[in-house]
Structures are given as structure tokens and as C-alpha cells.
A.B. asks: 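Sharing a structure with you now.
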Number of protein chains: 2
Amino acid sequence: MVAGSKRARGGSGRVKLEEVARKANVSTATVSRAFNEPDKVSEEVRQRVKDAARALNWIPNAAGRALASRRTHIAGAIIPTLDDEIFAHQIGGMQTVFSERGFTLFLGCSNYDPDEGLRQAEAMLARGVEALAVVGENHPPELFDALNSRGIPYVVTYSYSKLSPHPCIGFDNRAAFSRMTEHLLALGHRRFAAIFQPDTNNDRVKERLRGIGEALTAAGLEIAAQDLMMGPSTLEFGASSLARLMTQAIDARPTAIVCGNDNLALGALMAARELGLDAPGDFSITGFDDLAISSRLSPRLTTMKVDNQQIGVLAANELLAVIAGRQERAQSREVVPDLKIRESAGAARSR
Amino acid sequence: MVAGSKRARGGSGRVKLEEVARKANVSTATVSRAFNEPDKVSEEVRQRVKDAARALNWIPNAAGRALASRRTHIAGAIIPTLDDEIFAHQIGGMQTVFSERGFTLFLGCSNYDPDEGLRQAEAMLARGVEALAVVGENHPPELFDALNSRGIPYVVTYSYSKLSPHPCIGFDNRAAFSRMTEHLLALGHRRFAAIFQPDTNNDRVKERLRGIGEALTAAGLEIAAQDLMMGPSTLEFGASSLARLMTQAIDARPTAIVCGNDNLALGALMAARELGLDAPGDFSITGFDDLAISSRLSPRLTTMKVDNQQIGVLAANELLAVIAGRQERAQSREVVPDLKIRESAGAARSR
DNA sequence: CTGAAAGCGCTTACAG
DNA sequence: CTGAAAGCGCTTACAG
């Protein structure tokens with residue numbers, strides 16, 4: 001023992017590669033190779049090393065490995081919130097794919113605060129994420145700068161635009177809402193209202209509103225100021241908004257209500273029932289998301305469905321392809337929402 | 001330059017602490033202290049170091065730091081799925097607390113496969129998580145062994161039992177369903193049915209069924225084999241189960257239906273409406289979770305509410321307390337579900 | 001195929 | 001308060 005000649009330095013107490021090497025009677029290099037480049041080690045030695053590792057119950061220390069190899073096998077995802085199942089499903093899809101490929105996933109929720117998102121991204125970067133997925137483009141430029149300057153592959157999810165400077169995995173929010181609006185126009189509606197979640201720090205919501213606006217403009221229409229309701233994405237706000245809209249004189253009130261999501265639309269439908277109104281008889285209404293319940297309540301809700309888990313899967317696959325060097329940069333992938341035409345939106349009443 | 005005398009070894013290309021030290025004209029030790037133990041560095045030097053770090057845009061390399069300090073500032077959570085908002089909310093709460101305290105969160109979903117959960121736990125352990133939260137107790141013993149042998153603090157969430165060998169943050173699933181059953185017994189019901197999600201690999205569901213069973217046994221009752229429906233946790237399964245139950249002769253069929261969650265109960269209520277039946281007129285029914293919609297549909301659903309985000313917050317706080325050395329071991333915390341008595345369960349009809 | 005040893009980027013016990 | 005240097009646990013360029 002030369003103890004005493006060296007500085008005391010705790011150590012983690014965990015079994016380390018060196019002990020496996022000693023037990024297997026090989027060098028540390030060989031142990032490392034037996035696991036990371038098994039082809040370079042003879043069958044017999046490889047077996048001996050693996051047996052020794054198992055016997056000692058060795059789990060490699062990822063920090064040591066990361067420091068030496070400059071690989072962490074960690075990816076990160078930053079979403080606004082897990083309270084919305086839309087993002088939860090995305091993360092679920094991503095997590096599964098990453099896990100299958102030996103990657104562990106860091107999760108950050110910004111609670112719709114771009115600065116918080118940036119802080120979390122930086123924490124992930126410090127911890128050496130090899131790739132990052134963020135929801136939407138609404139982030140401080142520092143976030144993308146940090147990613148680009150380090151050459152960390154990333155994707156923007158949930159939104160998609162051909163014009164985006166970023167690789168996008170998602171759908172065109174604007175086009176989706178234009179399409180929904182056109183569906184209502186085709187049904188003969190001329191007076192429109194919208195019930196929406198807040199668009200603060202939310203490029204997706206802004207795009208949705210823009211989509212409605214463009215379709216209406218093309219038809220020479222627009223939404224009157226008093227017919228645009230914006231508030232929390234709750235059943236209550238949907239309900240109170242519908243009630244407000246319906247206080248207007250019957251021949252002046254909107255016949256078509258485009259909601260920012262199913263939740264708001266369902267709330268509105270509940271309020272309507274209490275007011276003795278119904279869709280599509282008294283007004284038409286649409287949602288977005290196609291929640292499980294939306295097709296089962298009466299009236300069945302006209303809405304659009306996006307495969308969010310698939311977005312997560314595609315995002316993870318793109319990032320893994322870049323990490324593996326199979327491609328230079330993540331490619332954008334468009335996911336097309338499915339328009340579900342159901343009972344809640346019908347032909348406009350003639351007046 | 002002595003280049004050439006040393007082995008070539010890439011390097012990450014990132015700015016490192018050494019460069020900050022050089023620019024600030026101090027040793028690497030001082031740079032490290034300026035950030036980690038600022039009190040030990042003079043005001044002036046500290047400022048110089050921070051300026052240099054900012055100028056160089058230095059982000060410390062977490063692997064180097066982890067290796068030297070044996071701290072990673074990483075925590076992990078393993079849940080069955082993110083498709084259930086119950087777990088999503090837990091993770092959301094946890095994430096926020098950990099993030100505030102400088103911890104980054106690893107997320108793993110087992111998809112209800114205990115082996116997959118174990119694999120993910122091992123991956124997290126290798127990456128040096130300082131604490132781990134897992135949902136429920138239904139995990140291979142190796143998982144808890146690995147945690148205990150390394151002294152990694154952990155908590156079991158969503159379930160709670162005084163008898164558990166593990167620190168639990170959650171509620172007593174058995175007691176909750178006993179309570180709900182007693183509520184129905186007090187309303188005069190004697191013939192019970194249950195519509196439940198699968199109990200495979202799911203100790204929480206098993207406990208729920210046990211809770212119902214115990215309350216019924218105490219009243220000299222039990223659920224007949226044909227009145228226990230178990231299947232996927234979907235609106236559809238709730239609906240088809242209700243239909244099946246209601247095919248029985250009117251004076252022989254159950255008057256009280258305990259559902260494993262709101263989703264199943266809502267499905268059942270929808271089917272009832274289509275069959276021209278209603279609650280509480282023709283039967284009473286209860287759920288669990290108190291989804292937003294459950295109190296707004298007609299009939300309003302009698303159910304129980306659990307603050308899942310709070311479970312996540314409590315879990316993170318317990319783990320952080322152990323990490324900080326403020327306590328030896330995570331303490332169990334019971335969260336009491338709130339019984340929401342509403343219209344869907346009423347007095348049993350006299351026959 | 002295998003080993004000796006340098007190096008990854010930090011922290012920290014020790015000395016001053 | 002500050003610095004020189006050892007050490008954390010791996011990987012890998014080099015040599016054989």
C-alpha cells in the first residue's frame with residue numbers, strides 16, 4: 001500500500017472499470033473495448049471481461065465515459081407544459097424512440113416562458129445533450145445561437161413552415177385553420193367568431209389566427225372585434241365566450257365559431273345546451289385536437305386530428321440520424337392534420 | 001509549443017475553464033471557486049472571473065464537473081405512460097421544482113413493462129442520477145436493490161401505504177375505493193358492479209379492487225363474476241361494459257357501478273344515454289380522477305380528485321431534502337383524495 | 001488482438 | 001484568499 005503518498009480523494013465508492021480489468025486479468029483498454037467495440041476483442045477475452053463485470057455488478061460511470069469520449073447519449077426536449085396532452089404525447093413518442101437507441105431523455109417545461117425555456121436549454125447543454133427538440137419557434141435567439149455554435153442538432157416541433165430557418169417536425173398551423181375556415185365558408189357561413197387560447201409567446205396560436213384571417217379575407221370577410229374571444233384554454237372560458245357571443249341580436253350574431261382547440265369548443269357546446277341552443281341548428285362550431293370525447297359527445301365535434309406521438313417519433317428519428325452522422329442536418333417533416341367532418345358544423349341557416 | 005510531444009486528443013472544441021482562468025489571470029481552482037464557493041474568493045477576483053467567463057461564453061462541462069465532484073445535479077423519474085394526464089401532471093410538478101433547484105430531470109416511460117422500467121432506471125443510474133422517483137411499487141426487486149446499494153434516495157409515487165417498505169408519496173388506493181364503495185352502500189345499494197382498467201403489473205389497480213372488495217365484504221356483499229368488467233381504459237370499453245351489464249334482467253342487474261377512473265365512467269354514461277337509461281335514475285355510477293369535464297357533463301359525475309401535480313412537487317421536495325443532507329431518508333407523505341359527491345350516484349331505488 | 005499511458009474538463013485537499 | 005497539482009473514471013491514439 002502506498003496510501004498516504006497520494007492525496008485523499010474519496011472516490012464514489014462504486015465499482016469501477018479498473019476493478020473489472022483486474023478481475024478479468026486484462027488492461028482497462030480491453031474492458032472498454034469489450035463493451036464498446038466488441039469486434040476488436042477476442043471471443044474468449046470478451047467473455048472473461050463480461051463475466052467479471054457481471055460478477056462485480058459494474059455499471060460504467062457515464063461522467064467518466066462522457067469526458068473521455070465526448071459522447072453522453074443524452075437528448076433533451078423542451079415543451080411549454082405537460083398539462084396539455086398534446087405535448088405529453090409528443091414526449092411519450094420521443095422518449096420511447098430515444099430509449100430504444102440507448103439515449104436517455106432530459107425533459108424541461110418552460111410554462112410558456114421563453115426565458116425559462118432558455119435557462120433549461122442551457123442547463124441541458126451544460127450536461128452535454130447531443131440533440132434537442134423544442135416546441136415551436138418562439139424562443140430567444142440565444143437559444144438557437146447556442147445550439148448552432150456548438151453544432152448540436154435540433155428540431156422545432158408541432159409547427160411547420162417551409163419558410164422556417166429551422167428544421168420543423170409538425171404541421172402548418174396556419175394552413176390547418178385556413179382549411180377549417182374554408183370548410184365553414186363552403187357551408188355558407190358569412191359571420192364568423194373565434195374562441196381562442198392566448199397567443200402570447202405562442203407562434204402556433206398566432207399562425208392559427210392568421211390562417212382564419214386569410215381564409216376570411218379571401219372571401220371578403222373578417223371577424224369583428226367583439227367576436228374574437230381570447231382567454232384561458234378551459235371549458236369555462238369556452239362556455240362563457242359562447243354565452244357572450246349569443247347575447248348579440250339573433251340576426252347579427254355569428255353563425256360559425258372557430259375554436260382554437262377542442263376543449264374550448266366542448267365548453268362552448270355545454271354552455272349552448274344550457275341556453276337551449278344547439279349545434280348545428282343554431283350555430284356551427286369547430287375544434288382542434290380531436291380529443292377522445294369529442295367524437296362521442298352529442299353533437300359530435302367537427303375538428304382536426306394531429307398524430308402527436310408520431311411527431312415525437314419523427315423528431316427523435318431525425319435527431320438520431322444526425323447524431324449517427326447519417327445526415328448533416330435534421331430534415332423538416334410535415335405531418336398533415338386530418339379534418340374530421342362531423343355534426344357540430346353544418347350548413348348556414350338562410351335568413 | 002510542445003505540440004507533437006503529446007498525444008492528439010481532439011477535445012470538445014468548447015471553451016473550457018482553463019481558458020477562463022488564463023483570461024482572468026487566475027488559477028483554475030479560483031475559477032471553480034468563483035462559481036461554486038463564491039465566498040471563498042475576493043470580490044474583485046470573483047468579478048474578474050465572471051467577466052472572463054461571460055466574455056468567452058463559457059458553459060461548464062458537466063461531465064468534468066460530475067467526475068471531479070461526484071455530483072451530477074440530475075434526478076430521474078420513471079412513469080408508466082405520459083398518455084395518462086395523471087402521470088403527466090406529476091411529472092410537470094416535479095420538473096418545475098427540480099428545475100428551480102438547479103436539477104435537470106431525466107424522464108423514462110415504462111409503458112407498464114416492469115423490465116423496461118428497470119432498464120431505464122439502470123440507464124439513469126449509470127448517468128449518475130442523484131435521486132429517482134418511480135410510480136408505484138410494482139417493480140423488479142433489482143430496481144430497489146440497485147437504488148439501495150448505491151444509497152440513491154428514491155420515492156414511490158401515486159400509491160401510499162403505511163406498510164410499504166418504501167417512502168411513498170401518494171394516496172391509499174385501497175382506502176379511497178373503500179370509501180367510495182361505502183358512499184354507495186350508504187345510499188342503499190346492494191348489487192354492485194365494477195368497470196376497471198387492467199390490473200396487470202399495476203399494484204394501484206389491484207389495491208382499488210381490494211378496497212371495493214373489503215367494503216362490500218364488511219356489508220356481507222360481493223361483486224358477482226359477471227359484474228366485474230376489466231379492459232382498456234377507454235370510453236369505448238366503459239360504454240360496452242355498461243351495455244353488457246344492462247342486458248341482465250332488470251331486477252337482477254347491478255344498481256351501483258364503481259369505475260376505475262372517470263374515463264370509463266364517462267364512457268358508460270354515454271352508452272347509457274343511447275340506451276335510454278340514465279343515472280342516478282336507473283343506476284348509480286362513480287369514477288376516479290375528476291377530469292375537468294366530469295363535473296360539467298350531465299349527470300355530473302361522483303368521483304374523487306387527487307392533486308397529482310402536488311404529488312410531483314412533494315416527491316421532488318422530499319428527494320431534494322435527502323440530497324441536501326437535511327434528512328436521512330425520504331419521508332412518506334399521504335395525499336388524501338377528495339370525494340366529490342355529485343349527481344351520478346344517488347339513492348338506490350326500492351324494488 | 002492487447003496494453004501502457006495520456007488525456008477528457010473539472011474539483012478539492014493541501015500548502016502557503 | 002489563492003495556486004499547483006492530483007485525482008475523478010473512463011476512452012483511445014499509439015505501439016507492439
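Remember, it's a predicted structure, so these values are computed and weren't measured experimentally.
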A.B. asks: Examine dG3(C): is either OP1 or OP2 under 4.0 Å from a nitrogen or oxygen in the side chain of T30(A)? Give yes or no.
C.D. replies: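 So the side chain of T30(A) is within the cut-off, an N or O lying under 4.0 Å from OP1 or OP2 of dG3(C).
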A.B. asks: Nearest to the side chain of V26(B), heavy atoms from C-beta on, is which of dC10(C), dG9(D), dG3(D)?
C.D. replies: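 My answer, after comparing the listed nucleotides, is dG3(D).
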A.B. asks: Would you mind pulling out the nucleotide paired to dA4(D), Watson-Crick or G-U wobble, both distances under 3.5 Å?
C.D. replies: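 No nucleotide pairs with dA4(D).
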A.B. asks: Can you measure N36(B) atom CG to dC1(D) atom C1' for me and round it to whole angstrom units?
C.D. replies: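 Spelled out: CG on N36(B) to C1' on dC1(D) is 16 Å.
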A.B. asks: From dT2(D), dG9(C), dC10(D), pick the nucleotide closest to the side chain of N61(A)?
C.D. replies: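 For N61(A), the side-chain atoms sit closest to dC10(D).
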A.B. asks: Using Watson-Crick or G-U wobble geometry with both distances under 3.5 Å, which nucleotide pairs with dA13(D)?
C.D. replies: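 The base-pairing partner of dA13(D), which may sit in any strand shown, does not exist here.
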A.B. asks: Is there a side-chain contact between T28(B) and the phosphate of dG9(C), meaning an N or O under 4.0 Å from OP1 or OP2?
C.D. replies: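 No, no such contact exists.
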A.B. asks: CZ of R65(B) versus P of dT11(C): gap in Å, rounded?
C.D. replies: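 Computing the R65(B):CZ to dT11(C):P distance gives 5 Å.
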A.B. asks: What is the distance from atom CZ of R150(B) to atom CG of D145(B), rounded to the nearest 0.5 Å?
C.D. replies: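 If we round to the nearest 0.5 Å, R150(B):CZ and D145(B):CG are 11.5 Å apart.
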A.B. asks: Inspect the contact between R119(B) and E122(B) and indicate whether a charged nitrogen and a carboxylate oxygen are less than 4.0 angstrom apart.
C.D. replies: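 A salt bridge is absent here (no side-chain N lies under 4.0 Å from a carboxylate O).
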A.B. asks: Please report, rounded to the nearest Å, how far the C1' atom of dT11(C) is from the NZ atom of K40(B).
C.D. replies: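 Distance check: K40(B) NZ to dT11(C) C1' gives 11 Å.
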A.B. asks: Thinking salt bridges, do E19(B) and R22(B) make one under a 4.0 Å N-O criterion?
C.D. replies: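 No, no charged N to carboxylate O under 4.0 Å.
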A.B. asks: On DNA chain C, nearest-nucleotide positions of V31(B) versus V45(A): which is more 5'?
C.D. replies: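 On the 5' side of the pair lies V45(A).
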A.B. asks: For dG3(D), does the base pair up with any side-chain atom of R33(B) as donor and acceptor (N or O, under 3.5 Å, distance only)?
C.D. replies: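 By the distance-only test, yes, there is a pair.
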A.B. asks: If we only count heavy atoms from C-beta on, is the S159(B) to E137(B) side-chain gap below 4.5 Å?
C.D. replies: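 With C-beta onward as the side chain, the pair touches.
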A.B. asks: May I ask you to evaluate whether S69(A) reaches the phosphate of dT11(D), defined as a side-chain N or O under 4.0 Å from OP1 or OP2?
C.D. replies: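 No, outside the criterion.
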A.B. asks: Considering only side-chain heavy atoms of A29(A), which listed nucleotide, dG9(C), dA4(C), dT11(D), is closest?
C.D. replies: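 Taking heavy atoms from C-beta onward, the closest nucleotide is dA4(C).
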